[in-house]
Undergrad: 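The structure under discussion is supplied below as structure tokens; questions concerning it will follow.
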Amino acid sequence: MSKFWTLITQLHSLAGPVVTLLYPLYASVVAMESKSKLDDEQWLAYWIIYSFLTLMEMVLQPLLEWIPIWYDVKLLFVAWLVLPQFKGAAFLYERFVRQHIRTHITERAQHNKSSAGKAKVKFVDFITSKTVS
């Protein structure tokens, strides 16, 4: 029984990196090489949400240490984000993230128009201008 338990523990330890990093990495490369933009959106959304989840995990680490099932919950959540049957990452991005990003971009554009836009434009022109050799 102890060998079986060791095997289960090892598989559980490998499941995290495979589900959170290895499969999404492979699927992202495949998506970039395909002509469809739908899969690109799924994987870009996944990396945005996964990055946010990782940052929140780093900030909340002392609190999460007290939740014994956190790793299992995270693994299930990430599996939902990743699996093509659910397309959870695209769903979350479309449902929650996109509206916040659009609001932020619109507010930023309005702020730039009303404030000292010339200095910012000159700086952007300086950064993006092509030098003539």
Side-chain angles (χ1 to χ4, degrees):
M1 183 67 177
S2 68
K3 289 182 181 181
F4 177 71
W5 187 251
T6 304
L7 176 67
I8 295 296
T9 305
Q10 293 300 320
L11 288 175
H12 189 266
S13 297
L14 285 173
V18 168
V19 170
T20 61
L21 296 171
L22 195 59
Y23 176 71
L25 175 65
Y26 169 76
S28 297
V29 171
V30 170
M32 287 183 67
E33 296 303 320
S34 75
K35 297 196 185 309
S36 172
K37 287 193 175 193
L38 291 174
D39 52 0
D40 295 354
E41 188 174 305
Q42 159 67 15
W43 293 110
L44 282 170
Y46 170 77
W47 290 112
I48 290 167
I49 293 167
Y50 181 73
S51 299
F52 180 74
L53 177 66
T54 302
L55 287 171
M56 289 300 102
E57 210 174 18
M58 289 174 14
V59 169
L60 300 173
Q61 184 63 34
L63 190 124
L64 294 175
E65 288 176 357
W66 290 92
I67 304 172
I69 62 167
W70 168 245
Y71 182 76
D72 300 320
V73 170
K74 177 186 171 190
L75 192 57
L76 286 173
F77 176 69
V78 172
W80 177 75
L81 291 175
V82 166
L83 290 173
Q85 295 88 344
F86 303 112
K87 295 187 180 180
F91 171 79
L92 280 182
Y93 185 81
E94 194 68 36
R95 182 83 188 236
F96 299 104
V97 178
R98 178 170 275 162
Q99 59 189 187
H100 291 296
I101 298 294
R102 284 186 176 170
T103 303
H104 179 71
I105 289 172
T106 324
E107 289 173 359
R108 188 76 139 163
Q110 290 173 351
H111 176 70
N112 287 345
K113 285 180 183 178
S114 64
S115 65
K118 286 187 176 182
K120 291 180 182 178
V121 170
K122 286 181 182 178
F123 180 72
V124 168
D125 287 342
F126 172 74
I127 295 294
T128 60
S129 66
K130 295 180 178 149
T131 58
V132 178
S133 45

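Note that these values count all heavy atoms, side chains included, but never hydrogens, waters or copies made by symmetry.
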Undergrad: How long is the straight-line distance from CZ of Arg98 back to CD1 of Ile48, given to the nearest 0.5 Å?
TA: 9.5 Å
Undergrad: Say whether Val97 and Ile105 are linked into one hydrophobic cluster, either directly or through other cluster members, by side-chain heavy-atom distances under 4.5 angstrom.
TA: yes
Undergrad: Roughly how far, to the nearest 0.5 Å, is the NZ atom of Lys87 from the CD atom of Glu94?
TA: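 The CD atom of Glu94 sits 12.5 Å away from the NZ atom of Lys87.
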Undergrad: For the hydrophobic clusters of this structure (ILVMFWY residues joined by side-chain heavy atoms under 4.5 Å, transitively), does one cluster hold both Val29 and Leu22?
TA: no
Undergrad: More than 12 heavy atoms of other residues, nucleotides or ligands under 6.0 Å from CE of Met32: is that the case?
TA: no
Undergrad: Is it the case that over 12 heavy atoms from other parts of the model lie below 6.0 angstrom from the CZ atom of Phe52?
TA: no
Undergrad: Please determine whether residues Leu75 and Leu21 belong to a single hydrophobic cluster, defined as Ile, Leu, Val, Met, Phe, Trp and Tyr linked transitively by side-chain heavy-atom distances below 4.5 Å.
TA: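 Shared cluster, yes.
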Undergrad: Looking at Ala45 and Ala89, what are the two nearest heavy atoms and their distance?
TA: CB-O, 3.5 Å
Undergrad: What is the minimum heavy-atom distance between Gly16 and Tyr71, and which atoms define it?
TA: CA-OH, 3.1 Å
Undergrad: Looking at every non-hydrogen atom in both residues, tell me the closest pair between Trp43 and Tyr23 and how far apart they are.
TA: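 That closest heavy-atom pairing would be CH2-CE2, 3.8 Å.
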Undergrad: How about CG on Leu55, more than 12 heavy atoms from neighbouring residues, nucleotides or ligands closer than 6.0 Å, or not?
TA: yes
Undergrad: For Thr20, does its backbone N or O pair with a side-chain atom of Tyr46 as donor and acceptor, under 3.5 Å?
TA: yes
Undergrad: State, with a plain yes or no, whether a side-chain heavy atom of Leu81 is found less than 4.5 Å away from one of Tyr50.
TA: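 Sidechains of Tyr50 and Leu81: no contact.
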Undergrad: Are Leu53 and Phe77 side-chain neighbours, meaning at least one heavy-atom pair lies under 4.5 Å?
TA: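 Of all side-chain heavy-atom pairs linking Phe77 with Leu53, at least one is under 4.5 Å.
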Undergrad: Any idea which heavy atoms bring Ser34 and Ala31 closest together, and the distance?
TA: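 Here Ser34 and Ala31 meet closest at OG-O, 3.0 Å.
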Undergrad: Among Leu83, Val19, Ile49, whose side chain to side chain contact (heavy atoms under 4.5 Å, CB included) with Val78 holds?
TA: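 Among the candidates, only Val19 passes.
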Undergrad: How long is the gap from CG on Leu38 to CD on Glu41, to the nearest 0.5 Å?
TA: 7.0 Å
Undergrad: Would Phe96 and Trp80 show up in the same hydrophobic cluster when neighbours are defined by side-chain heavy atoms closer than 4.5 Å?
TA: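 Yes: a chain of side-chain contacts under 4.5 Å links Phe96 to Trp80.
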Undergrad: Rounded to the nearest 0.5 Å, what separation is found between the CG atom of Leu63 and the CE atom of Met56?
TA: 13.0 Å
Undergrad: Going hydrophobic residue to hydrophobic residue with side-chain gaps under 4.5 angstrom, can you get from Leu92 over to Trp47?
TA: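 Both belong to a single hydrophobic cluster.
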Undergrad: Only one of Glu65, Gln61, Glu57 forms a side chain to side chain contact (heavy atoms under 4.5 Å, CB included) with Trp70, so which one is it?
TA: Glu57
Undergrad: Would you indicate whether the side-chain heavy atoms of Ile69 and Val73 approach each other to under 4.5 Å?
TA: yes
Undergrad: Considering all heavy atoms of both residues, which atom of Val82 and which atom of Pro24 are nearest to each other, and what is their separation?
TA: CG2-CG, 3.8 Å
